Amino acid sequence: MHEWALAESIIVTIMKEYEKEKLSKVFKVTVKIGELQSIELDIFNFALENMIELYKPPVDLNNICLEIDRCILKCKVCDNHWNYRDTPKKLEEDEKEAIHFIPEVAHTYMRCTQCGSPDFEILQGRGVWIDSIEGEK
Amino acid sequence: MHEWALAESIIVTIMKEYEKEKLSKVFKVTVKIGELQSIELDIFNFALENMIELYKPPVDLNNICLEIDRCILKCKVCDNHWNYRDTPKKLEEDEKEAIHFIPEVAHTYMRCTQCGSPDFEILQGRGVWIDSIEGEK
Amino acid sequence: MDPRLNIINKRLENIKRVIAVSGGKGGIGKSQTAAALAQYLSMQNYRVGLLDLDFCGPSSHLILGIDDVFPEEDMGILPPLVGGIHFMSITFFSGGQPAPLRGGEISNAIIEILAITRWGPLDFLIIDMPPGTGDPTLDVIRLMERVEFLLVTTPSRVAQEVMKKELSVLRELHIPVIGVLENMKIKNNSPTEEVLAGLQVPFLGSIDFDEDLEDALGNTDKLLATGFVKQLGQILAHSQMIS
Amino acid sequence: MDPRLNIINKRLENIKRVIAVSGGKGGIGKSQTAAALAQYLSMQNYRVGLLDLDFCGPSSHLILGIDDVFPEEDMGILPPLVGGIHFMSITFFSGGQPAPLRGGEISNAIIEILAITRWGPLDFLIIDMPPGTGDPTLDVIRLMERVEFLLVTTPSRVAQEVMKKELSVLRELHIPVIGVLENMKIKNNSPTEEVLAGLQVPFLGSIDFDEDLEDALGNTDKLLATGFVKQLGQILAHSQMIS
Ligand SMILES: Nc1ncnc2c1ncn2[C@@H]1O[C@H](COP(=O)(O)OP(=O)(O)O)[C@@H](O)[C@H]1O
Ligand SMILES: Nc1ncnc2c1ncn2[C@@H]1O[C@H](COP(=O)(O)OP(=O)(O)O)[C@@H](O)[C@H]1O
Ligand SMILES: [Mg+2]
Ligand SMILES: [Mg+2]
Ligand SMILES: [Mg+2]
Ligand SMILES: [Mg+2]
Ligand code: NI
Ligand code: NI
Ligand SMILES: [Zn+2]
Ligand SMILES: [Zn+2]
């Protein structure tokens, strides 16, 4: 349930932007949830709900739209692009758990599906990211 | 005149792409010349001409279009964006020369114009880059 | 927009002092100093955290013999309390295997750790820094508002040169520097003191090369009995560093 | 499209062997070994280049006392020949001032240096690597087709752990490893030999901790007379490393 810490960062950021941009209203916040971090949407939604109660930001849970972001990896050595789900070697539970906490340790447990290098980039779908905050001044 | 080494890399790359993409003809190669590296276009053109004579690639000098790429820097600390030319402190000749060889040593000689940090990104206009190679299969 | 950047200083708000043990060069005793400093402060009944940010060569856990613990998940992650020290390291997640990360990824991992670790109230958070003034150093400067640096060097000219470079970056950016510690002294001269003269950066003192340190690694009781820790304790007791 | 990537191996095509002196940890003697190796090979009448890729803590020039030279521009840049060694380092461009670069920028600078440096025909190009398995190590592996690694470690457990991690990455990627050199030996045991047993990686030998090395830094004649260089020479003479 470390998802709460990430949910908190979302709510705090919305509040900061609200003040900084002097918004009178926030319509919609789009949050990308990168596949690599294997965040459970139920837990994340529950965490957001609790953080909303705690911080009372100018948004409802309904205004926060979670979108799963497919994880695309790109090898720096052979230029191969692949999807996280297509990794042939199934990750162990504790490896998945480690990546859940710190997505970058993917470099410890995953390899390029073509050349076997650990030297790949996480092009998209890494973790939690605010794609946009739409509001009215 | 280390421009020759960079010109050579352009010509070698055009030839590689020509073979790899099995092109029958190359119409146009667009090369971006980043402002930060202070490359003299005359010298660079002359170097390209000589390399074309040496390697006999499937292009003329006329097909290679050099475009100056404005240098935009972005501070990682304060988010300030600024143009290389707007750096208030004028660079010494030897500092300019060092950046001419290795553009990254800009971090030694330049600072964010707003907060003074050396921790900035070179968003664009760093050095020599092939923007596109247009050809026919 | 990276939401994590907005939570980092909130995570650190109940920590009185954040001290990054750095020095530019590798192998000068940064990890040894960070671990001993954390031990010393904990013995003085301060509440202490130790954060190992050396992703390529994490060593704090080896020095303190930390093994078989894992952070608890509770609205974030809680650093396990080991021998009186709240400890966090990448090794919890890489399991001692190699983590060949590029700079941008190290930066991202550091941001993640800072965003999700709930230290709770601390008197000191000690950071064991990797060598260099690359991503980790630049990020600690950029992200941790109240960080102070404690620099380590050896008497060797190669170490001194690198330390001076780091010092010059820190001073230019007005980052507080507690002082410079000279480690692994073998001969009688202290070149660090001369190098610092006129720079208005405190010379904290010297710690001798200690042939028996290696045998104490991994055992906190033995470590506390080493010449290294004794000399560090004397330096700390006589400095205004801890107040 | 980055044109520089296509020219790098052409720039290295007249170099017989490219040897990266690495080892994961900092302060274990990588720079000292790289410099002494270059000196030794040059004394044996090999044509030798030395490339310092430690951008945060460049040391090769300090060890060899290289000063007051600058690369010549001639269809690229030509490494100055100093004491029989063709030498290239970031210090030529940063002028001894700090170069606080992030990983991606270090990577970019390495690509630039490799793309524009015209080494000419060499028997050996020795690379003095920074600590860690970050951008420089990953780039050397990715960009230099024929690179071989020579690993350095100390007998210390903290150094051994980091060396094992780097070794495991190199082996997984099938990068040739010439062997592991144990440096700064103080006591009688050689833990490196035990660690390597069964790994099919040659143990090259040990070099003692040499209290007088520091005084020889910056002076090539004095360096050649040190115990360090003598022991390294013996190890090299008895190994099949140079053939
Ligand atoms: N004063 C000292 N005397 C002897 N050995 C030391 C001393 N300080 C550190 N060491 C040893 O030197 C090596 C490098 O120390 P470490 O703390 O890992 O350096 P860094 O973190 O700067 O890379 C380790 O083996 C450590 O035990
Ligand atoms: N065998 C040795 N005995 C004594 N000092 C050594 C020995 N090898 C290296 N040194 C010293 O140790 C320090 C670190 O060596 P260096 O080559 O700079 O390490 P690295 O490049 O791995 O960081 C330097 O001061 C160097 O002179
Ligand atoms: Mg360390
Ligand atoms: Mg706590
Ligand atoms: Mg070195
Ligand atoms: Mg030459
Ligand atoms: Ni979780
Ligand atoms: Ni030039
Ligand atoms: Zn690959
Ligand atoms: Zn700034």
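Order of the sequence lines sets the chain letters (A, B, ...), proteins ahead of strands, with each chain counted from 1. Quantities reported herein were computed from a predicted structural model and do not represent experimental measurements.
Of the two parts of C:R4, the backbone and the side chain both hold a non-hydrogen atom closer than 4.5 Å to a non-hydrogen atom of chain A. With a 4.5 angstrom heavy-atom cutoff, C:I113 touches chain A via backbone and side-chain atoms both. With a 4.5 Å cut-off on non-hydrogen atoms, A:M51 touches chain C through its side chain but not through its backbone. Looking at A:D94, there are no atoms closer than 4.5 Å to chain C (heavy atoms on both sides), in backbone or side chain. In this structure, chain C has no heavy atom under 4.5 Å from any part of A:K32. Using a 4.5 Å cut-off between heavy atoms, A:E121 contacts chain C through its backbone alone, with no side-chain atom that close. Looking at A:I133, the atoms closer than 4.5 Å to chain C (heavy atoms on both sides) all sit in the side chain, from C-beta outward.
To the nearest 0.5 angstrom, A:I11 atom CD1 is 12.0 Å from C:N6 atom CG. In this structure, C:F93 CZ and A:H100 NE2 are separated by 10.0 Å, a value rounded to the nearest 0.5 Å. Here the CG-CH2 distance, from C:D74 to A:W4, works out to 9.5 Å after rounding to the nearest 0.5 Å. Rounding to the nearest 0.5 Å gives a distance of 9.5 Å between CD of A:E3 and CD1 of C:I116. Between atom CG of residue A:L6 and atom CE of residue C:M75 there is a gap of 12.0 Å, rounded to the nearest 0.5 Å. Interatomic distance, A:H107 NE2 to C:F55 CZ, rounded to the nearest 0.5 Å: 12.0 Å.
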Requested in this report: Apply salt bridge (charged side-chain N to carboxylate O under 4.0 Å, His left out) to C:E112 and A:R126, showing your working.
Outcome: CA-CA 11 Å; C:E112 195 82 25; A:R126 176 199 174 278; 2.9 Å; yes

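Within 6.0 Å of CD in A:E40 there are 12 or fewer heavy atoms belonging to other residues, nucleotides or ligands. The neighbour count for A:K22 NZ, taken as heavy atoms of other residues, nucleotides or ligands under 6.0 Å away, does not exceed 12. Counted within 6.0 Å of NZ on A:K20, heavy atoms from surrounding residues, nucleotides or ligands total 12 or fewer; the atom is thus considered open. In A:R70, the CZ atom is not crowded: 12 or fewer heavy atoms of neighbouring residues, nucleotides or ligands sit closer than 6.0 Å. Applying the 6.0 Å contact sphere to CD of A:E134 captures more than 12 heavy atoms from other residues, nucleotides or ligands. The 12-atom threshold is exceeded at CD of A:E67, counting heavy atoms of other residues, nucleotides or ligands nearer than 6.0 Å.
Between chain A and the options C:G95, C:P71, C:S94, C:P98, the largest number of non-hydrogen pairs under 4.5 Å is found for C:S94. Listed options C:L101, C:I77, C:N108 were ranked by heavy-atom pairs under 4.5 angstrom with chain A; first place goes to C:N108. Most heavy-atom pairs under 4.5 Å with chain C: of the set A:I122, A:T108, A:I10, A:V31, this distinction falls to A:T108. Taking A:V128, A:D119, A:N50 one by one and counting their heavy-atom pairs under 4.5 Å with chain C, the maximum is reached by A:D119.
Contact detail for C:A115 and A:A5: the closest heavy-atom pair is O-CB, 4.0 Å. Pairing each heavy atom of A:Y55 with each of C:K10, the nearest pair is OH-CE, 2.7 Å. Here the closest heavy-atom approach between residue C:A109 and residue A:I102 is recorded as CB-CG2, 3.7 Å. Shown here for A:Y109 and C:Q97, the closest heavy-atom pair between the two residues is CE2-OE1, 3.6 Å. Scanning all heavy atoms of the two residues, the minimum distance from C:D2 to A:W129 falls at CB-CZ3, 3.4 Å. In terms of heavy-atom proximity, A:E104 sits nearest to C:E105 at CG-O, 3.2 Å.
A heavy-atom distance below 4.5 Å is not found between the side chains of A:H2 and C:R118. Proximity of A:K16 to C:M1: side-chain heavy atoms (C-beta onward) are nowhere separated by under 4.5 Å.
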